[in-house]
Amino acid sequence: MKQTMEEAAAQNALNGLITQTLFMLDQQTGKDQNTNYKPLYYGLFNGISAIIEKARTLEQAVAMLKQLQSEAEERYVMQAE
């Protein structure tokens, strides 16, 4: 299936936002030797994959992503304690 110019522009904008977000995350994440990021990463990765499969609307996806973010933050804080 060939993309329209609008679809390609939207995909490029999305790719730019993702790249910028990952760069900011890298710059703002402290180098903590006591935190095991692997389960946090896998939890987020698997959670996002599940959301992609299950969300039927944009509103559902946003709500599910917010919940996933909250849970990931809680697990991160629990590791730091």
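Side-chain atoms are counted along with the backbone in the values below, which use heavy atoms only and exclude waters and symmetry mates. This is a predicted model, so every value here is computed, not measured.
When the side-chain contact (heavy atoms from CB on, under 4.5 Å) test is applied to Ser49, the partners found at least two apart in sequence or on another chain are Phe45. Residues that satisfy the side-chain contact (heavy atoms from CB on, under 4.5 Å) test with Thr4, not counting sequence neighbours, are Glu6, Glu7.
Closest heavy-atom contact between Gln60 and Lys54: OE1-O, 4.4 Å.
Separating the CE atom in Met64 from the CD1 atom in Ile48 is a distance of 11.5 Å, to the nearest 0.5 Å. Taken to the nearest 0.5 Å, the CG atom of Leu44 stands 10.0 Å off from the CD atom of Glu71. With values rounded to the nearest 0.5 angstrom, Ile51 atom CD1 is found 4.0 Å from Leu65 atom CG.
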